[in-house]
Trainee: 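Dumping the structure here so I can ask a few things about it.
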Amino acid sequence: MTIRRSGHVALIGRPNTGKSTLLNRLVGMPLSITADRPQTTRHRILGLLVHGDAQIAFVDSPGFQTLRTNPLNRLLNRTAHSVARQADVVVLVARVAGPRGAASAATAGSSAGGGETRGLVAADLQALKLAEDGQPVILALNAIDLLQNPNAALPVMARVAAQAEFAAIVPISARTGAGLDALLSTIVERLPEQGAIYDAGQATDRSERFLAAEIIREKLFRLLGAELPYESTVVIDRFEQAGELRRIAASIVVERRSHKPIVLGPGGERIKRIGTTARVDMERLFDARVHLTVWVRVRKGWAQDEARLRSYGYE
(Lines give C-alpha, C1' and ligand atoms only; values in the text may rest on other atoms or scores of the structure.)
Protein backbone atom coordinates (compact mmCIF):
# COMPACT_ATOMS: atom_id res chain seq x y z
CA MET A 1 0.00 0.00 0.00
CA THR A 2 1.27 3.46 -0.88
CA ILE A 3 1.31 5.89 2.03
CA ARG A 4 0.21 9.36 0.92
CA ARG A 5 -0.13 11.12 4.28
CA SER A 6 1.84 10.67 7.50
CA GLY A 7 2.76 12.56 10.64
CA HIS A 8 2.96 12.68 14.41
CA VAL A 9 -0.22 13.15 16.43
CA ALA A 10 0.20 14.21 20.06
CA LEU A 11 -2.32 13.03 22.64
CA ILE A 12 -2.34 15.66 25.38
CA GLY A 13 -4.54 16.58 28.32
CA ARG A 14 -4.75 16.63 32.06
CA PRO A 15 -4.25 13.39 34.06
CA ASN A 16 -6.90 10.65 33.92
CA THR A 17 -8.76 11.78 30.80
CA GLY A 18 -8.14 8.51 28.92
CA LYS A 19 -5.16 9.34 26.70
CA SER A 20 -3.42 6.00 27.24
CA THR A 21 -6.64 4.01 26.84
CA LEU A 22 -7.22 5.90 23.59
CA LEU A 23 -3.73 5.13 22.27
CA ASN A 24 -4.08 1.42 23.06
CA ARG A 25 -7.53 1.25 21.44
CA LEU A 26 -6.31 3.03 18.30
CA VAL A 27 -3.20 0.92 17.72
CA GLY A 28 -4.80 -2.33 18.91
CA MET A 29 -2.18 -3.29 21.50
CA PRO A 30 -1.34 -2.33 25.11
CA LEU A 31 1.63 -0.02 24.54
CA SER A 32 0.74 2.58 27.17
CA ILE A 33 -0.05 1.45 30.69
CA THR A 34 -3.38 2.31 32.30
CA ALA A 35 -4.54 2.51 35.91
CA ASP A 36 -6.94 4.52 38.06
CA ARG A 37 -4.16 6.73 39.38
CA PRO A 38 -3.17 10.24 38.23
CA GLN A 39 -0.08 10.43 36.01
CA THR A 40 0.20 6.73 35.31
CA THR A 41 1.90 7.70 32.02
CA ARG A 42 5.35 9.11 32.74
CA HIS A 43 7.04 8.78 29.36
CA ARG A 44 6.52 9.59 25.71
CA ILE A 45 4.89 6.49 24.18
CA LEU A 46 4.68 6.16 20.39
CA GLY A 47 2.22 3.84 18.67
CA LEU A 48 1.88 3.44 14.91
CA LEU A 49 -1.30 2.91 12.90
CA VAL A 50 -1.89 2.60 9.17
CA HIS A 51 -5.36 3.90 8.36
CA GLY A 52 -6.23 3.78 4.67
CA ASP A 53 -3.35 5.46 2.84
CA ALA A 54 -2.12 7.27 5.97
CA GLN A 55 0.51 6.33 8.54
CA ILE A 56 -0.32 7.92 11.90
CA ALA A 57 2.31 8.09 14.65
CA PHE A 58 0.32 8.63 17.86
CA VAL A 59 2.35 9.92 20.78
CA ASP A 60 0.95 9.55 24.29
CA SER A 61 2.22 12.03 26.88
CA PRO A 62 2.14 12.47 30.65
CA GLY A 63 -0.92 14.30 31.93
CA PHE A 64 -0.19 17.99 32.34
CA GLN A 65 -0.75 19.17 35.91
CA THR A 66 0.26 21.92 38.33
CA LEU A 67 -0.69 20.40 41.70
CA ARG A 68 2.76 18.88 42.36
CA THR A 69 5.85 20.92 41.60
CA ASN A 70 8.67 18.51 42.47
CA PRO A 71 11.42 17.69 39.94
CA LEU A 72 9.60 14.54 38.76
CA ASN A 73 6.45 16.43 37.82
CA ARG A 74 8.36 19.32 36.27
CA LEU A 75 10.13 16.77 34.07
CA LEU A 76 6.80 15.12 33.15
CA ASN A 77 5.30 18.49 32.22
CA ARG A 78 8.31 19.25 30.03
CA THR A 79 7.86 15.90 28.30
CA ALA A 80 4.19 16.72 27.61
CA HIS A 81 5.17 20.12 26.24
CA SER A 82 7.84 18.59 23.98
CA VAL A 83 5.39 15.99 22.61
CA ALA A 84 2.87 18.69 21.71
CA ARG A 85 5.43 21.07 20.23
CA GLN A 86 6.88 18.46 17.87
CA ALA A 87 3.54 17.11 16.57
CA ASP A 88 1.89 17.77 13.22
CA VAL A 89 -1.58 17.44 14.77
CA VAL A 90 -2.57 17.75 18.43
CA VAL A 91 -5.48 15.87 20.01
CA LEU A 92 -6.61 17.30 23.34
CA VAL A 93 -8.38 14.55 25.27
CA ALA A 94 -10.96 15.85 27.75
CA ARG A 95 -13.89 14.15 29.45
CA VAL A 96 -17.43 14.89 28.37
CA ALA A 97 -18.63 13.15 31.54
CA GLY A 98 -17.26 12.65 35.00
CA PRO A 99 -16.96 9.27 36.75
CA ARG A 100 -20.31 7.54 37.10
CA GLY A 101 -22.19 9.08 40.01
CA ALA A 102 -19.34 11.40 41.01
CA ALA A 103 -19.63 15.10 41.76
CA SER A 104 -17.15 17.76 40.72
CA ALA A 105 -16.83 21.37 41.79
CA ALA A 106 -15.30 22.10 38.37
CA THR A 107 -18.31 20.83 36.44
CA ALA A 108 -19.95 23.35 34.12
CA GLY A 109 -23.27 21.87 33.07
CA SER A 110 -25.97 19.59 34.33
CA SER A 111 -26.34 15.92 35.11
CA ALA A 112 -27.19 13.73 32.13
CA GLY A 113 -27.68 10.45 33.94
CA GLY A 114 -24.76 8.08 34.45
CA GLY A 115 -22.24 10.93 34.54
CA GLU A 116 -21.96 14.70 34.51
CA THR A 117 -21.68 16.64 31.28
CA ARG A 118 -19.27 19.52 31.41
CA GLY A 119 -17.39 22.15 29.52
CA LEU A 120 -13.62 22.41 29.63
CA VAL A 121 -12.26 22.89 33.14
CA ALA A 122 -9.27 25.04 34.03
CA ALA A 123 -6.89 22.08 33.87
CA ASP A 124 -8.05 21.24 30.33
CA LEU A 125 -7.38 24.81 29.24
CA GLN A 126 -3.93 24.72 30.84
CA ALA A 127 -3.13 21.53 28.94
CA LEU A 128 -4.36 23.17 25.73
CA LYS A 129 -1.59 25.75 26.06
CA LEU A 130 0.93 22.99 25.35
CA ALA A 131 0.01 23.34 21.66
CA GLU A 132 1.56 26.64 20.73
CA ASP A 133 3.16 26.25 17.30
CA GLY A 134 0.05 26.65 15.16
CA GLN A 135 -0.74 22.96 14.70
CA PRO A 136 -4.38 22.03 14.21
CA VAL A 137 -5.87 21.03 17.57
CA ILE A 138 -8.69 18.47 17.63
CA LEU A 139 -10.72 18.11 20.81
CA ALA A 140 -11.63 14.49 21.60
CA LEU A 141 -14.49 14.59 24.11
CA ASN A 142 -14.03 11.26 25.83
CA ALA A 143 -16.36 9.06 27.92
CA ILE A 144 -19.58 9.46 25.92
CA ASP A 145 -20.37 5.89 26.99
CA LEU A 146 -21.18 7.29 30.45
CA LEU A 147 -24.06 9.30 29.02
CA GLN A 148 -27.44 7.58 29.05
CA ASN A 149 -28.55 10.04 26.37
CA PRO A 150 -25.87 10.52 23.65
CA ASN A 151 -27.51 13.84 22.69
CA ALA A 152 -26.29 15.20 26.04
CA ALA A 153 -22.89 15.66 24.37
CA LEU A 154 -24.28 18.29 21.98
CA PRO A 155 -24.63 21.17 24.47
CA VAL A 156 -21.19 20.32 25.86
CA MET A 157 -19.73 20.63 22.35
CA ALA A 158 -21.39 24.04 22.03
CA ARG A 159 -19.95 25.16 25.38
CA VAL A 160 -16.39 24.08 24.62
CA ALA A 161 -16.52 25.64 21.14
CA ALA A 162 -17.17 28.94 22.91
CA GLN A 163 -14.28 28.38 25.34
CA ALA A 164 -11.50 27.71 22.81
CA GLU A 165 -10.93 27.42 19.07
CA PHE A 166 -10.52 23.90 17.73
CA ALA A 167 -10.01 22.49 14.24
CA ALA A 168 -12.72 19.96 15.14
CA ILE A 169 -14.59 18.57 18.16
CA VAL A 170 -15.25 14.82 18.12
CA PRO A 171 -17.16 12.95 20.86
CA ILE A 172 -15.60 9.53 21.53
CA SER A 173 -15.32 6.66 23.95
CA ALA A 174 -11.76 5.38 24.28
CA ARG A 175 -13.13 2.47 26.32
CA THR A 176 -15.68 1.19 23.77
CA GLY A 177 -14.24 2.60 20.54
CA ALA A 178 -17.30 4.73 19.75
CA GLY A 179 -16.51 7.71 17.53
CA LEU A 180 -12.94 6.62 16.73
CA ASP A 181 -13.57 6.26 12.97
CA ALA A 182 -14.70 9.88 12.90
CA LEU A 183 -11.67 10.92 14.95
CA LEU A 184 -9.29 9.09 12.60
CA SER A 185 -10.85 10.66 9.50
CA THR A 186 -10.54 14.10 11.10
CA ILE A 187 -6.87 13.48 11.92
CA VAL A 188 -5.95 12.09 8.48
CA GLU A 189 -7.39 15.15 6.72
CA ARG A 190 -4.89 17.31 8.59
CA LEU A 191 -1.73 15.21 8.21
CA PRO A 192 1.06 16.39 5.88
CA GLU A 193 1.08 14.91 2.38
CA GLN A 194 4.20 12.75 2.47
CA GLY A 195 5.29 9.13 2.46
CA ALA A 196 5.74 6.84 5.44
CA ILE A 197 8.03 8.11 8.19
CA TYR A 198 8.41 4.71 9.91
CA ASP A 199 9.08 1.21 8.58
CA ALA A 200 6.11 -0.90 7.51
CA GLY A 201 5.00 -3.25 10.26
CA GLN A 202 6.67 -1.26 13.03
CA ALA A 203 4.41 -0.87 16.09
CA THR A 204 6.44 1.45 18.29
CA ASP A 205 9.90 2.95 18.69
CA ARG A 206 10.22 1.61 22.23
CA SER A 207 12.35 -1.44 23.10
CA GLU A 208 11.15 -4.59 24.84
CA ARG A 209 13.31 -3.55 27.79
CA PHE A 210 11.36 -0.30 28.14
CA LEU A 211 8.00 -2.05 27.70
CA ALA A 212 8.93 -4.60 30.37
CA ALA A 213 9.49 -1.84 32.91
CA GLU A 214 6.20 -0.22 32.00
CA ILE A 215 4.28 -3.49 32.35
CA ILE A 216 5.68 -4.02 35.86
CA ARG A 217 4.83 -0.44 36.78
CA GLU A 218 1.26 -0.94 35.56
CA LYS A 219 0.83 -3.99 37.81
CA LEU A 220 2.31 -2.02 40.70
CA PHE A 221 -0.24 0.78 40.16
CA ARG A 222 -3.17 -1.57 39.71
CA LEU A 223 -2.49 -3.96 42.58
CA LEU A 224 -1.58 -1.36 45.19
CA GLY A 225 -4.08 1.32 44.23
CA ALA A 226 -4.23 4.19 46.73
CA GLU A 227 -1.61 2.49 48.92
CA LEU A 228 1.07 2.93 46.27
CA PRO A 229 3.59 5.64 47.17
CA TYR A 230 3.57 8.25 44.39
CA GLU A 231 7.38 8.32 44.36
CA SER A 232 7.88 4.80 43.03
CA THR A 233 9.24 3.60 39.71
CA VAL A 234 10.64 0.52 37.98
CA VAL A 235 14.17 -0.01 36.68
CA ILE A 236 15.31 -2.94 34.53
CA ASP A 237 18.60 -4.25 35.98
CA ARG A 238 19.13 -7.00 33.41
CA PHE A 239 17.46 -7.93 30.12
CA GLU A 240 18.84 -10.94 28.29
CA GLN A 241 17.40 -12.58 25.19
CA ALA A 242 18.23 -16.15 24.29
CA GLY A 243 16.11 -17.34 21.39
CA GLU A 244 12.50 -17.40 22.52
CA LEU A 245 13.40 -16.76 26.17
CA ARG A 246 13.72 -13.40 27.94
CA ARG A 247 15.54 -13.30 31.29
CA ILE A 248 14.60 -10.10 33.06
CA ALA A 249 15.62 -8.74 36.47
CA ALA A 250 13.85 -5.59 37.64
CA SER A 251 13.79 -3.34 40.68
CA ILE A 252 10.80 -1.47 42.04
CA VAL A 253 12.33 1.71 43.47
CA VAL A 254 10.72 3.50 46.43
CA GLU A 255 11.88 6.52 48.43
CA ARG A 256 11.41 5.33 52.01
CA ARG A 257 12.02 2.16 53.96
CA SER A 258 8.41 2.31 55.17
CA HIS A 259 7.29 1.96 51.54
CA LYS A 260 9.09 -1.34 51.02
CA PRO A 261 6.73 -3.56 53.08
CA ILE A 262 3.75 -1.94 51.32
CA VAL A 263 5.05 -3.21 47.97
CA LEU A 264 6.17 -6.59 49.33
CA GLY A 265 2.88 -7.32 51.11
CA PRO A 266 2.41 -9.92 53.85
CA GLY A 267 4.83 -12.76 53.27
CA GLY A 268 5.85 -11.22 49.94
CA GLU A 269 2.38 -11.91 48.50
CA ARG A 270 2.06 -8.60 46.63
CA ILE A 271 5.46 -8.68 44.97
CA LYS A 272 4.74 -12.25 43.82
CA ARG A 273 1.41 -11.15 42.26
CA ILE A 274 3.10 -8.20 40.58
CA GLY A 275 5.76 -10.48 39.10
CA THR A 276 3.32 -13.18 38.00
CA THR A 277 0.80 -10.87 36.30
CA ALA A 278 3.60 -8.84 34.68
CA ARG A 279 5.25 -11.99 33.32
CA VAL A 280 1.98 -13.17 31.75
CA ASP A 281 1.51 -9.83 29.96
CA MET A 282 5.14 -9.77 28.80
CA GLU A 283 4.87 -13.24 27.31
CA ARG A 284 1.73 -12.20 25.45
CA LEU A 285 3.28 -8.96 24.15
CA PHE A 286 6.72 -10.36 23.29
CA ASP A 287 5.38 -13.73 22.05
CA ALA A 288 8.13 -15.43 24.03
CA ARG A 289 8.75 -17.15 27.35
CA VAL A 290 9.81 -14.82 30.16
CA HIS A 291 11.76 -15.54 33.34
CA LEU A 292 11.16 -12.52 35.58
CA THR A 293 12.71 -11.59 38.93
CA VAL A 294 11.47 -8.49 40.76
CA TRP A 295 13.07 -6.82 43.79
CA VAL A 296 12.18 -3.80 45.88
CA ARG A 297 14.92 -1.25 46.53
CA VAL A 298 14.98 1.96 48.56
CA ARG A 299 16.58 5.02 46.92
CA LYS A 300 16.02 8.00 49.17
CA GLY A 301 15.17 11.21 47.30
CA TRP A 302 15.26 9.72 43.81
CA ALA A 303 12.21 11.72 42.66
CA GLN A 304 13.84 14.96 43.80
CA ASP A 305 17.09 14.43 41.85
CA GLU A 306 16.97 15.24 38.11
CA ALA A 307 20.23 13.39 37.45
CA ARG A 308 18.81 10.25 39.08
CA LEU A 309 15.53 10.72 37.20
CA ARG A 310 17.35 10.80 33.89
CA SER A 311 19.41 7.74 34.82
CA TYR A 312 16.09 5.95 35.37
CA GLY A 313 14.98 6.83 31.85
CA TYR A 314 12.87 9.93 32.48
CA GLU A 315 13.25 12.23 29.50
Side-chain angles (χ1 to χ4, degrees), residues 8-27 30-47 49 56-66 76-77 79-99 104 106-108 115-132 135-147 153 156-157 159-161 163-187 190:
H8 291 87
V9 177
L11 303 178
I12 68 168
R14 58 189 172 88
N16 279 18
T17 57
K19 299 181 297 298
S20 297
T21 302
L22 177 58
L23 173 71
N24 293 342
R25 170 69 69 167
L26 287 167
V27 301
L31 291 178
S32 197
I33 68 174
T34 60
D36 291 330
R37 284 289 301 269
Q39 296 226 271
T40 304
T41 300
R42 292 183 175 178
H43 302 276
R44 177 195 65 83
I45 309 292
L46 182 142
L49 172 69
I56 311 172
F58 289 102
V59 189
D60 192 12
S61 65
F64 185 81
Q65 60 89 39
T66 58
L76 298 185
N77 280 349
T79 299
H81 188 274
S82 175
V83 166
R85 191 178 63 246
Q86 297 174 21
D88 299 293
V89 177
V90 173
V91 175
L92 173 66
V93 183
R95 293 180 66 91
V96 70
S104 169
T107 298
E116 312 148 29
T117 56
R118 65 180 65 185
L120 297 178
V121 299
D124 293 320
L125 295 172
Q126 285 180 317
L128 180 59
K129 293 179 182 178
L130 295 174
E132 60 178 21
Q135 312 100 314
V137 179
I138 298 166
L139 175 63
L141 279 176
N142 190 25
I144 59 172
D145 55 300
L146 295 184
L147 304 177
V156 184
M157 295 172 68
R159 281 197 293 273
V160 299
Q163 288 179 276
E165 185 175 347
F166 295 101
I169 301 174
V170 185
I172 68 164
S173 170
R175 188 178 68 86
T176 68
L180 296 194
D181 285 341
L183 178 62
L184 286 171
S185 296
T186 304
I187 289 170
R190 291 163 175 82

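Nothing here was measured: the structure is a model prediction, and the numbers come from that model. Below, each value reflects all heavy atoms present in this structure, side chains not excepted, and no hydrogens, waters or symmetry copies.
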Trainee: Taking all non-hydrogen atoms of both residues into account, name the closest pair between Ala131 and Val137 and its distance.
Mentor: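 So the two residues come closest at CB-CG2, 3.8 Å.
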Trainee: So, do Arg14 and Asp124 sit near enough that their side-chain heavy atoms are less than 4.5 Å apart?
Mentor: yes
Trainee: Supply the atom-to-atom distance Met157 CE to Leu139 CG, rounded to the nearest 0.5 angstrom.
Mentor: 8.5 Å
Trainee: Is a donor on one side and an acceptor on the other found under 3.5 Å between the side chain of Gln86 and the backbone of His8?
Mentor: no
Trainee: To the nearest 0.5 Å, what is the distance between CG on Leu130 and CG on Asn77?
Mentor: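 Rounded to the nearest 0.5 Å, the CG-CG separation comes to 7.5 Å.
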Trainee: Roughly how far, to the nearest 0.5 Å, is NZ of Lys19 from CG of Asp60?
Mentor: 6.5 Å
Trainee: Could you check if a side-chain atom of Val90 sits within less than 4.5 angstrom of a side-chain atom of Ile12, using non-hydrogen atoms only?
Mentor: yes
Trainee: Which pair of heavy atoms, one from Ala164 and one from Leu128, lies closest together, and at what distance?
Mentor: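 Looking at all heavy atoms of both residues, the shortest contact is CB-CD2, 3.6 Å.
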Trainee: I need the minimum non-hydrogen distance between Ala10 and Ala84, along with the two atoms involved.
Mentor: CB-CA, 3.9 Å
Trainee: Compare all side-chain heavy atoms of Phe58 with those of Val91 and state whether any distance is below 4.5 angstrom.
Mentor: no
Trainee: Decide yes or no for Arg95 and Asn16: does some side-chain heavy atom of the first lie under 4.5 Å from some side-chain heavy atom of the second?
Mentor: no
Trainee: Distance from Leu23 atom CG to Ile33 atom CD1, nearest 0.5 Å?
Mentor: 12.0 Å
Trainee: Determine the sole option in Val93, Thr40, Thr34 for which the side chain to side chain contact (heavy atoms under 4.5 Å, CB included) test with Ser20 is passed.
Mentor: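 Option passing the side chain to side chain contact (heavy atoms under 4.5 Å, CB included) with Ser20: Thr34.
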Trainee: Does the side chain of Leu49 come within less than 4.5 Å of Leu184's, by heavy atoms?
Mentor: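 The answer is yes, as the side chains (C-beta and beyond) meet within the 4.5 Å cut-off.
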Trainee: Between Pro15 and Phe64, what is the shortest heavy-atom contact and its length?
Mentor: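 Scanning both residues, the minimum pair turns out to be CD-O, 3.3 Å.
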Trainee: Which heavy atom of Thr186 sits nearest to which heavy atom of Ala168, and what is that distance?
Mentor: CG2-CB, 3.5 Å
Trainee: Are the side chain of Ser173 and the backbone of Ile144 linked by a donor-acceptor contact shorter than 3.5 Å?
Mentor: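 No, the answer is negative, given that no donor and acceptor are paired below the 3.5 Å cut-off.
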Trainee: Rounded to the nearest 0.5 Å, what separates atom OG1 in Thr176 from atom CZ in Arg25?
Mentor: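 These two atoms lie 6.5 Å from each other.
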Trainee: If you compare all heavy atoms of Phe166 against all heavy atoms of Leu120, which two are closest, and at what distance to 0.1 Å?
Mentor: CZ-CD1, 3.8 Å
Trainee: Would you compute the distance between atom CG of Leu183 and atom CD1 of Ile172 and round it to the nearest 0.5 angstrom?
Mentor: 5.5 Å
Trainee: Is any side-chain heavy atom of Leu22 closer than 4.5 Å to a side-chain heavy atom of Leu180?
Mentor: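 Yes, their side chains come closer than 4.5 Å.
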Trainee: Here's a test for you: under side chain to side chain donor-acceptor pair (under 3.5 Å), which of Thr21, Asn142, Asp145 qualifies with Arg175?
Mentor: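 Considering Thr21, Asn142, Asp145, a side chain to side chain donor-acceptor pair (under 3.5 Å) with Arg175 is found only for Asp145.
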